Structure formats: structure tokens, C-alpha cells
2 protein chains.
Amino acid sequence: MLTERKRQILRAIIDDYVVHAEPVGSNYLVNKYKLGVSSATVRNEMSELEELGYLEKPHTSAGRVPSDKGYRAYIDLLLDLKPVSQTDQDKIESFFNNHMTEITTLVRQSASALSEQTNFPSLVISPRYSDTSLEQIKLLMIEPGKALVVVVLSPGIVKDRMIRIPHEIKQEDLHLISKIIEEKLSGQKLDQITLITISAAAEDVPVPESLLNQVLFEAYVSIKQAENIELYIEGTHRLFNHPEFQELALAKSFLDTMHQEGIVAGYMSEWESMNAELELTETNNPEEIEQVERTRREQPYLKENPSYMVRIGQEITLKGLEECSFITAAYKITNKITGRIGVIGPRRMEYGKIISQINFINYTLDQQIMELASGYDRKEDINGKEKEEQA
Amino acid sequence: MLTERKRQILRAIIDDYVVHAEPVGSNYLVNKYKLGVSSATVRNEMSELEELGYLEKPHTSAGRVPSDKGYRAYIDLLLDLKPVSQTDQDKIESFFNNHMTEITTLVRQSASALSEQTNFPSLVISPRYSDTSLEQIKLLMIEPGKALVVVVLSPGIVKDRMIRIPHEIKQEDLHLISKIIEEKLSGQKLDQITLITISAAAEDVPVPESLLNQVLFEAYVSIKQAENIELYIEGTHRLFNHPEFQELALAKSFLDTMHQEGIVAGYMSEWESMNAELELTETNNPEEIEQVERTRREQPYLKENPSYMVRIGQEITLKGLEECSFITAAYKITNKITGRIGVIGPRRMEYGKIISQINFINYTLDQQIMELASGYDRKEDINGKEKEEQA
DNA sequence: TTTTGGCACTCTGGGTTAACGAGTGCTAAA
DNA sequence: TTTAGCACTCGTTAACCCAGAGTGCCAAAA
């Protein structure tokens with residue numbers, strides 16, 4: 001039903017529209033893209049494409065614009081992933097250059113890079129840590145009545161939190177408590193740890209129960225807090241560089257939705273769970289498989305099983321974002337623990353370019369995380385390097 | 001030169017304009033505010049007020065709008081600080097209700113409250129910690145090759161940071177290192193601590209020098225990082241609720257400036273240093289002193305020496321913010337260590353209301369910080385309270 | 001000297017009309 | 001099946017007018 005010529009025309013329309021943001025007409029199209037047929041023919045084709053639901057008319061005497069379905073077809077059938085230019089690669093890598101030592105910073109930095117590269121707002125969501133296990137828990141006395149809880153999860157994630165404790169608790173008590181509960185709890189999955197487990201673990205600590213309970217409760221809260229999914233949004237102001245958000249009403253509803261903490265996070269994490277199945281459906285077309293094969297050889301950052309996902313317009317079920325597109329990819333902390341990174345913008349996006357950027361950034365991020373996890377020793381003489389680093 | 005009647009008219013114009021955002025004319029004014037004179041008289045007065053620079057005309061046949069100088073006079077001479085309504089007080093206090101345990105969360109929460117209350121973007125800037133002193137420094141082994149540095153500053157501020165360390169370094173080494181440098185350095189002002197001081201402090205630690213140096217360097221960086229001034233901006237999307245930002249160009253230049261991390265932070269911290277002198281100049285008028293006296297008795301959160309500061313339009317020397325006003329107040333961590341909290345918005349603001357809100361929030365914040373610093377023991381039975389807390 | 005009514009003048013904003021141009025859809029011929 | 005031709009639609013822009021709001025100034029009144 002989608003003849004080769006129809007595809008060609010659809011591709012040309014989308015390629016043009018995403019750049020110029022204006023409905024494209026038949027005449028313009030044949031001239032610019034040398035289609036080798038007359039505008040009347042193109043008109044007929046366009047009319048059929050419209051009937052099939054791939055195109056829409058803003059009004060009678062305008063050209064056509066892609067519909068959700070049109071974009072969807074473009075992405076599934078016509079997408080041409082451009083390799084990331086060397087300068088872009090350099091720019092992105094420079095974002096990671098100042099040896100960061102925490103995964104969260106690494107991930108946020110990626111989001112910044114992504115937003116800057118694409119000129120759209122970007123977002124990252126942390127993995128669900130509930131089925132990772134607790135590795136360490138330390139209680140550090142800061143001053144009488146105050147302590148720092150440090151929770152270390154198995155993939156090397158560190159979270160900490162200040163707590164209040166009874167003044168009677170001494171440094172040694174804390175040390176003892178954390179040592180004992182760490183011994184008993186380490187290795188357990190986070191979502192199996194409850195207040196009861198902890199209390200049981202600390203049963204025979206020689207500290208008055210009422211005091212002990214306060215500390216245990218705070219420790220418990222700290223562990224639960226470490227499970228929290230975190231959402232981070234970067235560069236919302238870049239939205240205004242795009243004509244569709246000149247209309248204040250749209251921009252406002254967008255920003256309002258994005259600023260309702262829970263909503264986007266909820267949506268994305270729910271999404272993350274459906275992840276696996278959906279990804280598979282993306283590669284069921286011989287043509288596309290061949291293409292994937294080819295790029296895999298040429299650009300390692302375009303991974304074999306493309307981990308990106310695109311949601312267009314009405315496919316997004318969040319109120320206020322019906323006119324937008326999400327493009328996200330999964331980043332790995334371990335093979336089983338993944339978060340998502342992506343951009344959000346108007347449906348009119350240069351999907352090819354942007355997906356390449358995301359893939360590349362995601363690839364770089366994965367590498368950095370791996371490097372971080374494996375750890376390494378710096379070979380250089382620190383004193384010699386010091387001046388450079390401060391400059 | 002500003003007769004009583006001129007003041008009255010200026011006040012009426014500003015009061016009206018800040019609410020309705022439309023140039024106000026002579027007829028409207030006499031009707032609405034029952035000035036007891038004819039519109040012709042008001043016209044003459046307005047004309048003179050314009051000559052004096054307090055008013056401006058958008059064009060010949062429009063009414064008048066206040067100029068920067070007009071707003072300035074309003075704030076210095078005519079300001080009427082309204083008490084914060086009980087419902088507002090309750091709303092603000094509810095932002096602080098979930099016993100937060102870290103100053104930074106407290107401060108950010110205040111910014112959220114402020115933005116929500118005023119419907120403008122709010123911002124907070126952390127104090128300069130360079131002349132506070134180091135109280136503790138701990139090195140916590142996370143796994144071979146990775147450690148957590150915890151830096152505690154004298155007013156109870158805690159900052160931490162993951163670092164990489166040589167694999168050869170053992171838990172005990174770390175413990176020893178941190179113990180020794182803490183002993184030697186604690187009590188020193190942050191800006192007096194250098195890499196040299198630290199190296200000297202750790203001179204006789206029995207760890208091979210090349211390994212030790214790496215750790216010391218990272219410790220040093222962590223301390224320096226603790227000095228960093230942090231800026232936090234909240235609620236920028238609220239800008240679009242105000243008519244002056246319907247013009248995309250304005251909104252864009254605003255957002256762009258705000259998102260250039262360094263700029264606003266630099267401006268505000270520079271400002272903070274001029275703080276003391278400027279505040280004094282605000283109270284040199286018998287009338288105002290009397291007013292301050294009165295409100296001090298009635299609302300404790302309107303402090304005796306009002307700590308708020310207002311910068312209007314051209315008074316702000318940041319590019320892109322010439323059409324805006326800053327209102328900020330200093331919050332105290334200790335008597336000597338202060339940060340700033342405030343809002344930024346169009347010049348057309350209800351200064352009276354907003355300043356009251358800031359004062360109140362600032363007052364509440366100060367109280368919370370004090371309470372945090374003093375620490376307290378919870379009297380309640382934790383187990384009894386637990387269910388409520390989770391709900 | 002100050003205030004006021006009256007009046008001419010200025011400028012904006014809304015509404016109407018007309019011309020224009022881009023693009024379509026249809027028909028009939030190639 | 002493709003294409004040239006043409007009528008038709010609709011949005012955009014500019015020109016124009018008019019009403020309304022507000023000013024500035026003058027001369028008379030307080």
C-alpha cells in the first residue's frame with residue numbers, strides 16, 4: 001500500500017518540514033527534490049497519503065504536514081541514522097572530561113550535553129533500585145544529635161542523608177549499630193528490608209531500646225529513600241527556540257506538566273517496565289535489519305539492538321504533551337539495572353540527527369559508567385598534574 | 001519637591017498599575033481613588049511627576065506608567081508592608097513540616113514556598129563558606145579504589161564527595177589519614193587551607209608518598225569544593241503567568257540569562273558583599289523609622305533592620321534583566337554567615353505584598369535553621385509515631 | 001495663585017475591505 | 001497513468017476608517 005514513490009514523497013515532506021516548519025506543497029516539492037514527475041502527480045499521491053492518514057492539511061490552501069502516523073512510519077521505515085560528526089563527538093566527550101566520580105553527576109552531565117547538542121529539553125530518570133541489594137550502611141557522627149547515614153548499594157551507588165539522633169548516642173554506639181546492621185543486612189534486596197528486619201538485626205546492640213529505635217527508624221528511612229527514582233530535567237528554556245512554542249498557551253501547558261514532579265517520572269518509569277517487549281517489535285522488517293547490520297559495523301555507538309524508543313504526539317498519554325515527542329534510550333548501570341535518558345520536544349524534530357546524538361551520548365555514558373565501576377589507578381604523578389587541573 | 005498630593009497620586013498610580021498592568025489616566029484615577037480634585041489638576045500633577053522622572057508615557061494618548069525612579073520612590077517612601085495573612089502563614093509553614101535535616105534542603109524548600117506564594121521565580125544563593133572553618137574531615141572506604149570524603153564545616157554544614165583512590169590504599173590507611181589531617185587542620189579557615197598545608201599535616205602518615213599524594217589531592221579538592229557558592233533557581237515557569245512576558249523575546253532573554261550558571265550567582269554574591277552599607281541607607285527618614293517601629297511591635301517577622309533589598313530595572317546591571325526587579329533578603333546560618341533568598345520578576349510587582357512574603361519566609365527559615373543547629377531530642381515514642389510518618 | 005471646565009489634538013486598537021498568493025482538486029487531454 | 005490547465009479556497013497583508021481614551025493647553029472661576 002505504501003509504494004516506493006509514496007515513501008519517497010513522505011520522506012521528502014518530513015525531511016523538509018522538520019527543518020522549515022512550514023506546510024510543504026506539491027510544486028515546491030518537485031522543484032526542490034527533483035522528483036522527476038509533475039506537481040499534479042505529486043498532488044495525487046499526497047492526496048492518497050492523506051487518505052491513508054500519513055499527512056494532514058492545516059487548511060485547504062496550505063501544503064501538507066506529517067501526522068502522528070506519518071512520523072511513525074518515517075521512524076519505522078524511512079529513518080536514516082546519520083553518523084555523529086567528529087566535532088559533535090568531540091564536543092560531547094568534552095562534557096565528560098573532568099573525571100567525575102559519581103554516577104549521578106555523570107548522568108546529569110549527559111543530560112546537559114544532550115540538551116545542548118539537540119537544542120531541546122532533556123531528561124534522565126534513575127533506575128529503580130528496589131531490586132538491587134544493600135552493600136554497606138555507615139553511620140557517621142557529625143555532632144551530638146546529628147549523624148550522616150551513608151548507604152551503598154551493590155552496583156556502587158552511594159546515597160547519604162543527614163539525620164537527627166538522640167544526644168545520648170555516642171560515636172561508639174553509632175559505630176556499633178552500623179556495624180551490626182550492616183553485617184546482618186548487607187546482601188539483602190532493598191525491597192526486602194523493612195523496619196522489622198532492621199530492628200531484628202540490631203536486637204542485641206547494647207543501647208537502650210528507645211534511643212536505638214530512633215536511630216534504626218532513621219536508618220530505615222534512609223534506605224527507603226535510596227530506592228527513590230529520581231527525575232532530572234535540563235534545559236527547558238531551549239523550548240523557546242522552536243516556533244511551535246511561540247504560542248504561549250502551548251509552552252505554558254508544557255512547562256506546567258513538566259514541573260509537576262511526579263507525573264513525568266511516573267510515566268517514564270511505567271514505560272521503562274514495558275521496555276523489553278516493545279524494543280523487539282521495532283526490528284521485524286528485512287530492510288531495516290540489513291540497515292542495522294551495516295551501521296553496526298560502521299558506528300559502534302549505534303548498537304545492534306537499538307535501545308532507543310520514540311513516542312510521538314498522541315502516543316504520549318500525558319495531558320499537555322499531546323503535541324510533543326519523546327525520544328529516549330536506556331543507559332546501563334549494570335546489565336539489569338537501567339535508567340533512561342532522552343529528550344522531549346515538538347513532534348517536528350529531526351529524528352535521524354537526534355536519535356544519533358542520543359545513541360552516541362548514551363554510548364559514551366555507558367562507557368564512563370563502566371570505567372567508573374571498574375575503577376582505575378591514575379598513572380600520572382599527581383603533583384605534576386595538579387597545576388593543569390586547577391587551571 | 002514631592003508634595004503630599006504628588007506622593008498620594010504616585011502611590012495611587014503605582015498601586016493601580018501593579019495590579020492591572022495598564023497605563024493609568026487622570027480621569028480613571030480621580031474616580032477610583034476619590035482624590036477630591038478634578039482630573040485637570042491631576043493631569044497637571046502627573047505632568048510634573050513626569051518632568052521629575054517618576055512617571056513615563058508609553059505614548060501621547062495613553063495614561064502614565066511608573067519609571068524606575070517612580071518605583072524606587074515608592075519603595076523608599078511610600079511602601080506599606082501588609083501583614084501576611086494567617087492562611088498564607090499556615091501555607092508557608094506547611095512547607096517546612098516534614099522535619100528536614102539538612103540546611104540545603106531547608107533553603108531550597110524555602111525557595112519553593114516563596115515561588116509558589118509570590119507566583120514569581122525565586123532564587124537562593126548559599127553563603128560564602130571561605131571564612132568558616134573546617135570542623136571534621138572523614139574518609140570512608142566504599143570499595144577498593146573508591147572513597148567518600150565527608151567535610152563538616154563549623155556551622156554544621158556537611159558536604160560530601162566521591163573520590164577515586166589508589167587500590168593499594170586500605171580502609172585503615174584512610175582512617176589514619178583522615179584522623180591525622182583532621183587533627184591538624186580542624187579549626188582552620190577554609191581559605192587558609194592549601195595543598196601545602198594538607199601535605200604538611202599528613203607528613204608522617206606511614207603510607208607511600210605517591211599513593212598518599214593522590215588521596216590528599218582529592219581531599220583538598222573536596223574541601224575547596226565545599227566553599228563553592230551554590231545558586232538554586234525555582235519556578236521559572238511562573239514567569240509566563242505575567243503579561244510582560246507574553247513577548248517571547250523578553251522571556252527568552254530572561255531565561256537565557258538565568259540559565260547561564262555563573263552570571264546570576266556572580267552578580268548576587270558580589271551584591272552580598274555590599275550588603276551592609278546599602279542596608280543602612282534605607283532608613284534615614286523619620287517617617288519611615290516611625291513606621292518600622294510600629295510594624296516591629298506588631299509582626300516579629302518584619303525585622304527591625306529590614307534585611308530586604310530591592311533592585312529595580314536599570315539598577316540591575318545584568319544584560320537581559322533590564323526590565324526586571326530583584327527582591328532579596330539575607331538568611332542567617334550564623335550571625336556572620338548569610339546567604340540570600342529572593343524573587344525575580346517584572347518591575348511591575350506588588351512590592352508591599354511580596355516583601356512581606358519574603359520577610360516572613362526568611363524569618364521562618366532563620367527559625368528552622370536555628371532549631372536545626374541547636375538540635376533537639378524527640379520526646380515521642382518513635383514506634384508510636386511511625387505509622388503516621390509513613391502515611 | 002491655584003483649580004477647573006472645555007476643547008482640540010494625538011495615538012492605539014478593532015473592524016472592514018480588497019488584493020494577493022500559495023496551494024489544492026478536478027477535468028480533459030496526452 | 002501522467003500531466004497541463006484552470007477554477008476555487010483560504011490565509012495573509014496592507015490600507016483605511018472610526019471610536020475611545022487620554023493628554024495639553026487656555027481661559028475663566030475660586
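So you know, we letter chains A, B, ... as the sequences are listed, proteins then strands, and number each from 1. Predicted, not measured: the structure shown is a model, and the values here were computed from it.
Base contact: A:Asn44 has a heavy atom under 4.0 Å from a base atom. Using a 4.0 Å heavy-atom distance criterion, A:Ser39 is classed as making no nucleic acid contact.
Centroid-to-centroid, the aromatic rings of B:Tyr71 and B:Tyr351 come within less than 6.0 Å. Ring pair A:His237/B:Phe254: centre-to-centre distance not below 6.0 Å.
C:dT24 atom P lies 14 Å from atom CD of A:Glu45, rounded to whole Å. The distance between atom CD1 of B:Ile9 and atom C1' of D:dG22, rounded to the nearest whole Å, is 16 Å. Nucleotide D:dC10 holds its P atom 10 Å from the NZ atom of A:Lys57, rounded to whole Å. Summarising the geometry, the separation between CG on B:Asn27 and C1' on C:dC7 is reported as 14 Å, rounded to the nearest angstrom. Rounding to whole angstrom units, CD of residue B:Glu48 and C1' of C:dT1 are separated by 13 Å. As a whole-Å value, the separation of A:Leu35 CG from D:dT3 P is 11 Å. One interatomic measurement links the two molecules: OH of A:Tyr17 to P of C:dG23, which rounds to 14 Å at whole-angstrom precision. With rounding to whole Å, B:Tyr28 atom OH is found 13 Å from D:dA21 atom P.
The shortest distance between the side-chain N/O atoms of A:Thr60 and the OP1/OP2 oxygens of C:dG23 is not below 4.0 Å.
Looking only at atom types and distance, the side chain of A:Ser26 has a donor-acceptor partner in the side chain of A:Arg43 under 3.5 Å away. Judged by distance alone, the side chains of A:Glu322 and A:Gln314 never bring a donor and an acceptor atom under 3.5 Å apart.
For D:dC10, its base sits under 3.5 Å from the side chain of A:Ser61 at one donor and acceptor pair at least.
For B:Arg43, the listed nucleotide lying nearest its side chain is D:dT23; candidates were C:dT10, D:dT9, D:dT23. Of the listed nucleotides (D:dT3, C:dT4, D:dC10), C:dT4 has the atom at the smallest distance from the side chain of B:Thr41.
When each of B:Ala40 and B:His59 is assigned the nucleotide of DNA chain C with its nearest heavy atom, B:Ala40 is the one assigned upstream, toward the 5' end.
Under the 30°/60° scheme for interplanar angles, the aromatic rings of A:His20 and A:Tyr28 are found to stand perpendicular.
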